[in-house]
Amino acid sequence: MRALPDPHESPGQFSRRRLLALGAAALATPLAVSLNPAGQSAHAASAGVAATEYEQRFLDLYGKITDSANGYFSPDGIPYHSVETLIVEAPDHGHETTSEAYSYLIWLQAMYGKVSGDWSRFNAAWEIMEQFMIPTHAQQPTNSFYNASKPATYAGEHDLPSAYPSQLDPSIAAGSDPIAAELKSAYGTDDIYGMHWLQDVDNVYGYGGGATGPVYINTFQRGPQESVWETVPHPTRDEFAHGGPNGYLDLFTGDASYARQWKYTNAPDADARAVQAAYWAHVWASAQGKEGEIAGTVAKAAKMGDYLRYAMFDKYFKQIGDCTDPSGCTPGSGKSSSHYLLSWYYAWGGATDTSAGWAWRIGCSHSHGGYQNPLAAHVLSSYAPLQPKSATGKEDWAKSLTRQIEFYRWLQSAEGAIAGGATNSWRGRYAEPPSGTATFYGMHYDEKPVYHDPPSNQWFGFQAWSMERVAEYCHETDDTDARVVLDRWVAWALSETTVNADGTYSFPSTLRWSGQPDDWDPANPGGNAGLHVSVADYTDDVGVAAAYAKTLTYYAAASGHTKAASTAKALLDGLWERYQDDLGVAVPEERADYRRFSDPVYVPGGWSGTMPNGDPVDSSSTFASIRSFYQDDEDWPKVEAYLGGGPVPSFTYHRFWAQADIALALGVYAELLE
Ligand code: CA
């Protein structure tokens, strides 16, 4: 029973920057190495001597990122979303963190192992992720009550936050979960081995009570129009200590009565990235004869990949295809509810009362091109050290690999960019889509899956992130179907990229879409002559530049494409020579969207509660009013002036993922093209 955890937007949809209160406090007391399980030290750069120029650049940036004086990490060694605290994008505070940041830490330490030969930091990065971002048994205490034949109670998604709470409807049958039993058999536990996606590292909201350490929280719950500006942050374990009489539950889900409960939401792209990083760690450590040093961590990555299959299932385990009526659509059995794609989330929850237990699990019906990871699917199905232990994990990932490549082919526009995605549940409630909507295995083309404010299909970063994985996969295999997709994408991206003589550069930032793909026919893929992209504006964003440069590097190394190689070098040289600062590599960005600090947050009339700090939550609430702590932020005056009619504020953000991706791009360039 119970459900409705939901979509979250990807961290990093917008880009970037600045130095802050808590970061400055950390400066006063440099941390001992022993306090940093992930292995960052104050002088990490001195830990390695580089063989080449780009390897040295990797070490220089790695040194800045891991310098405890620079503010990237909490005292526990957890990477913050950004050094700066005032930042709102997918996370609504910079000293929150995400599963994304943990996955980048693991990847960064894998590259450090390659360059230095020291694999202890890679192992420590996985351990800190496991300790803080995978719920312990005590934090998911009632999974033993889970009934895999009735995974969750249905509640439809709605177009607007004001349509929530969404009423639970037990009359609509969910299908059965075909992997719970084999996972329990393989690992000897009912608990899920996957990351929750969002954490309040400094306990800024106060859901951790008097503790100073990290606390699991969640935000997005109310459909595609609920931007971060319209969310109500709440604890993942709702003991009714804050919010209203039912905690926060009745803002999201309508029920006859409410029980204290816990619930977590996984971001599949992040878990897949952790698996991807473990693969490279194993490849690089093996080249040094040191794979034995990381064998335990690699086995854990395979386990994470096994559980990540929950992202391959329809939200309510309904059959895949032609599911356009919640009552009429057949509940799935066996694997008929698997779309074999990396969807936007999977989620799980249950009662806190271990003597009156119940628990639920859901997959996700919505899949986005930007979340796919064929490299992870490839290694989980074909690379022995990462083979999952469950009975059907390996074969599911093999099928997923094929399906993901087909998905890219289906979504590739006439120009070459990859369009949004597909859904098995139109409008999140198994509605009937407009007639003529293109199909992929009976699912429907969804131009902007999961979120519309802003549209999920417009950020070029999703193109770069996703195609970088395709480029890695093509580098490691000779899959000609994937290679065709990559050839066309690179040609399009290069045609939209400018490198100037002075080292400046620009590439797409915001994309606009029109039309739709042809219906997918695996035997005879169409040319998608009616699906088009255009570039609305361009950027020099440093994090996306790194992901893009890494794509081009893998592509050039595999194909010998000289313009891809020279453009990768130009991007990396441009950001290195022009945009370095004391903390890393960053560029200023104007944040006109910060006008939305004053956006109303929908709360039903008559609903009244309080945040842990006493901020009232009611129908008069705004983004800022339920986050009064922001008024104490060093950067608040810039926002306050803007809200009062002043100029658009500018920030120079140091996002953890972006700095790590830049370092990784330098390391990969050194490995493959230098
Ligand atoms: Ca909205």
Side-chain angles (χ1 to χ4, degrees), residues 4-15 86-93 96 98 155-167 197-198 217-234 243 248 250-254 265 267 315 344-345 364-366 368 370 420-421 423 425-429 431 446-459 461-462 509-513 536-537 590-605 607 611 615 617-627 630 639 642-643 648-649:
L4 237 261
D6 242 50
H8 71 274
E9 300 180 34
S10 170
Q13 301 173 51
F14 300 121
S15 298
L86 193 158
I87 183 171
V88 182
E89 38 202 24
D92 56 330
H93 188 268
E96 291 172 5
T98 58
E157 295 168 21
H158 296 286
D159 301 344
L160 297 171
S162 57
Y164 286 78
S166 178
Q167 193 67 34
W197 84 277
L198 187 65
I217 59 169
N218 212 340
T219 48
F220 302 99
Q221 296 287 329
R222 300 188 290 189
Q225 266 297 337
E226 187 190 43
S227 76
V228 65
W229 303 104
E230 299 160 87
T231 54
V232 181
H234 53 280
Y248 295 84
D250 51 347
L251 285 175
F252 312 127
T253 305
T265 305
K315 184 172 184 178
W344 201 259
Y345 55 83
C364 174
S365 308
H366 313 309
H368 191 294
T423 184
S425 178
W426 192 256
R427 298 183 129 177
R429 51 181 184 269
D446 188 347
E447 182 179 78
K448 40 188 186 295
V450 185
Y451 60 90
H452 299 172
D453 180 16
S456 69
N457 60 356
Q458 68 178 23
W459 184 54
F462 272 137
S509 178
T510 309
L511 306 178
R512 299 279 184 246
W513 292 91
D537 53 36
E590 295 201 329
R591 293 305 294 260
D593 61 318
Y594 282 5
R595 70 182 181 282
R596 298 187 70 178
F597 264 89
S598 55
D599 265 18
V601 170
Y602 176 75
V603 174
W607 200 99
M611 301 295 281
D615 288 349
V617 184
D618 57 33
S619 58
S620 302
S621 291
T622 66
F623 177 88
S625 81
I626 60 173
R627 296 167 175 87
Y630 260 132
V639 174
Y642 177 46
L643 296 176
V648 175

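What you are looking at is a predicted structure, and each value in this text was computed from that prediction instead of being measured. First listed ligand is number 1; within each ligand, the first listed atom is number 1.
Excluding waters, the protein N/O/S atoms found under 3.0 Å from the Ca ion (ligand 1) are Gln225 O, Gln225 OE1, Glu230 OE1, Glu230 OE2, Asp453 OD2.
Two rings, from His93 and Tyr630, have their centers less than 6.0 Å apart.
Partners of Gln225 by side chain to side chain contact (heavy atoms under 4.5 Å, CB included), not counting sequence neighbours, listed by chain and number: Leu160, Pro161, His452, Asp453. Applying the salt bridge (charged side-chain N to carboxylate O under 4.0 Å, His left out) test to Asp599 and every residue at least two apart in sequence or in another chain returns Arg596. Applying the salt bridge (charged side-chain N to carboxylate O under 4.0 Å, His left out) test to Glu447 and every residue at least two apart in sequence or in another chain returns nothing.
Ring orientation note: the planes of Trp344 and His368 are tilted relative to one another, at an angle of 30° to 60°.
Ion pairing of Arg427 with Asp159 is present here, as a side-chain N (NZ or NE/NH1/NH2) and a carboxylate O approach within less than 4.0 Å.
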